[in-house]
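All residue numbers refer to positions in the sequence shown, counting from 1.
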Amino acid sequence: MQVYEAPLRDMKFVLHELHTDDGFGNLEALAEFTPDLVDAVLEEAAKVAQEVLLPLNRSGDIEGCTLENGVVRTPKGFKEAYDMFREGGWCALASDPEWGGQGLPEALNKLTEEMICSSNLSFSLYPGLTHGATTAIEGYASDALKQAYLPKMVEGTWSGTMCLTEPHCGTDLGMLRTKAVPQGDDNYKISGAKIFISAGEHDLTENIIHLVLARLPDAPEGVKGISLFLVPKYLPKEDGTPGPSNGVSVAAIEHKMGLKASATCQLNFDDSIGWLVGTANKGMEAMFKMMNTERVSVGIQGLGVGEAAYQSAVWYAKERVQGRSLSGVKNPKGPADPIIVHPDVRRMLMTARAYNEGSRAVGAWVSRALDAEKHATDPAVKARAEDFIALMTPVVKALFTDCGYESANLAVQVYGGHGYIAESGVEQFVRDARIAMIYEGTNGIQALDLVGRKMPAHAGRYLRSFFHPVSDFIEANKADETFGKMIEGLEKAFGALQLSTGTIAQKGMKDPEEAGAAATDYLRLLGFVAMGYTFAKAALIAKAKLDQGTEDAAFYTAKIGTARFFFDRLLPQATAAFLAIKSGKASMMALDVDMF
């Protein structure tokens, strides 16, 4: 059974209590968003997620999207849900007020995204991709394009996509063949085929605005010859309403493992009219503006599915009776005890719980930096936020999705045979979560970005935005009477991270394959240290609240318990990651290709 109730108490904790000393300060531009206002938004978002989107999650998975005469139909109820979502202003939550947005903090927006992803990941892609597209348009398009497209996209009346992948090339975009031919009147004819286009065609909005990577006739080879174009499904008329078709057609809907209610399309562009976004041959710069926004959001997708899977597993573990507790009967009136009494079931539930709370805490920290990057007036604060975002974006995308997928699989395991059966609903979480580890750059690509670009950038400056606050926290708190052992564990993991950084830097300069071989382990190590840091901070805050006396003692007691589990059972993975990194590439690369 799919069970979900928005974890509002933990969300409020990471917003209002955990990151008040993150170094980004109080942002004057966001002063109007008081805790009471923020909490009210979260509570309304929870209602939408629980009452409108969750009931469509399994039915949408069963029905899927259909292609009829070149038009994609979303599952029953999706159109009505989207209209309600749009009319409620949820599409415009974090967008710039200049274009009709509400300008809410990104820290609040990401928690709202989490709720939407938990309740219905397929649905989340339609407004989520539009928000990413508006980010690229706002950052790079001409004023005329902004005026013509942003208001309707921010409102949600029109949606957006990103069109990168082609049948013959995925990550290596330098191989793309889609052509853009100048027409002499500030527009271009776009011709080519794109695949794996999420929300590429659907019946939710009046128009769909595609951001398409293509190559000009005289463009240099490789990624240095790629430009970005805005290509609407329908050409707008002078009054701004959708006009004639623009030569964009659907060749097929992809038959996917999961996300059945998300229309993933193969698109053909046949002399479609498009407009240049940004500078010719520098389309990757503009597209990465959107992709980096989407990468953080994809990390939140992993967290969202992980939370829904965890809650569904907890419900089942309390309801399902089987066997007796090893410490004595707990349910004397029944034939057996609920399976939640068994240590291995607790191991699985606590693992998922710790992944969710750790990801939420780290995600809120990165979201605070996103707000500081945009709104800070102190140049030093803005620069520190930019460095931190650059470092942590691949970590958020890869670690959160790895953890979310693992949590979904643990949920199936808790259900046992019933979890493998479709009627339980939890196997959908596994299928839906799997793609998040692949799209917007596979998690292996994220790890390579971390060690190949982010770690050495500016002589390690990005790393300092993370290392310094962690080091300062350890020094200030390692003598704590209650949590000294916990801080000591964090110090050891942090030491492993520092040693691993040095090892990769030294070996990688001589042999790039050494850095590549260490990348995935290094990303997980850095991510677990980040989680450990936030859990240790949370435990100290919770202890202070309990000492003061609080009506919310159960929450703070559980927070300390989850932190202890993370340090006892999960953070030791840091040592394993360090040993793997230290071993180098030798055994990984030893076999000749023809031996596989």
Assess whether atom [atom1] of [X] is packed by more than 12 heavy atoms of other residues, nucleotides or ligands within 6.0 Å.
X      : atom1 : value
Arg9   : CZ    : yes
Phe196 : CZ    : no
Asp21  : CG    : yes
Lys492 : NZ    : no
Lys282 : NZ    : no
Asn26  : CG    : no

[X] side chain vs [Y] backbone, donor-acceptor pair below 3.5 Å:
X      : Y      : result
Arg295 : Glu440 : yes
Thr393 : Ala390 : no
His19  : Ala361 : yes
Arg461 : Arg384 : no
Glu138 : Lys146 : no
Asn356 : Ala352 : yes
Thr134 : His131 : yes

What's the spacing between [X] [atom1] and [Y] [atom2] if we round to 0.5 Å?
X      : Y      : atom1 : atom2 : value
Ile300 : Glu294 : CD1   : CD    : 12.0 Å
Met455 : Leu526 : CE    : CG    : 10.5 Å
Ile504 : Glu514 : CD1   : CD    : 10.0 Å
Leu228 : Thr279 : CG    : OG1   : 11.0 Å
Thr520 : Leu448 : OG1   : CG    : 7.0 Å
Tyr149 : Trp158 : OH    : CH2   : 6.0 Å

When the ring planes of [X] and [Y] are compared, do they come out parallel, tilted or perpendicular, using 30° and 60° as the limits?
X      : Y      : answer
Phe528 : Tyr355 : perpendicular
Phe494 : Phe467 : perpendicular
Trp365 : Phe388 : tilted

Would you call [X] and [Y] a side-chain contact if the rule is heavy atoms closer than 4.5 Å?
X      : Y      : value
Met115 : Leu8   : yes
Phe535 : Met486 : no
Leu150 : Asp96  : no
Met531 : Ser359 : yes
Thr178 : Lys194 : yes
Leu111 : Arg360 : yes
Tyr522 : Leu497 : yes
Glu357 : Val14  : no

Considering non-hydrogen atoms only, spot the tightest contact between [X] and [Y] and give its length.
X      : Y      : result
Leu125 : Ser262 : CD1-OG, 3.1 Å
Pro7   : Glu114 : CG-OE2, 4.0 Å
Leu164 : Ile197 : N-CD1, 4.3 Å
Arg215 : Pro220 : NH1-O, 2.9 Å
Cys117 : Ser124 : SG-OG, 3.7 Å
Ile137 : Leu211 : CG1-CD2, 4.1 Å

Exercise for review: Could you walk me through whether Asp39 and His16 pass the side-chain contact (heavy atoms from CB on, under 4.5 Å) test, one step at a time?
Suggested key: CA-CA 10 Å; Asp39 290 351; His16 305 317; 2.8 Å; yes

Hydrogens and angles aside, do [X] and [Y] bring a side-chain donor and acceptor to less than 3.5 Å of each other?
X      : Y      : result
Thr562 : Arg353 : yes
Asp387 : His458 : no
Asp143 : Gln147 : no
Gln446 : Asn443 : no

Exercise for review: Start with the C-alpha distance between Asp10 and Lys559, add both sets of side-chain angles, then the distance that settles side-chain contact (heavy atoms from CB on, under 4.5 Å), and finish with yes or no.
Suggested key: CA-CA 9 Å; Asp10 198 47; Lys559 179 63 69 175; 2.6 Å; yes

Practice item. Would you please indicate if the ring centroids of Phe85 and Tyr126 are separated by under 6.0 Å? Key: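 Here the rings of Tyr126 and Phe85 have centres that are no less than 6.0 Å from each other.
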
Exercise for review: Tell me whether the centres of the aromatic rings in Tyr188 and Phe229 are closer together than 6.0 Å.
Suggested key: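 Centroid separation for Tyr188 and Phe229: below 6.0 Å.
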
Looking at [Y] and [X], is any side-chain nitrogen of the basic one under 4.0 Å from a carboxylate oxygen of the acidic one?
X      : Y      : value
Glu113 : Lys110 : yes
Glu17  : Lys537 : no
Lys478 : Glu491 : yes

Review point. Could you go step by step and tell me if Ile435 and Gln301 meet the side-chain contact (heavy atoms from CB on, under 4.5 Å) rule?
Key: CA-CA 10 Å; Ile435 186 59; Gln301 291 177 15; 5.7 Å; no

Exercise for review: Any chance you could lay out the side-chain contact (heavy atoms from CB on, under 4.5 Å) test for Phe33 and Asp371, step after step, and finish with the verdict?
Suggested key: CA-CA 12 Å; Phe33 300 108; Asp371 284 324; over 6 Å; no

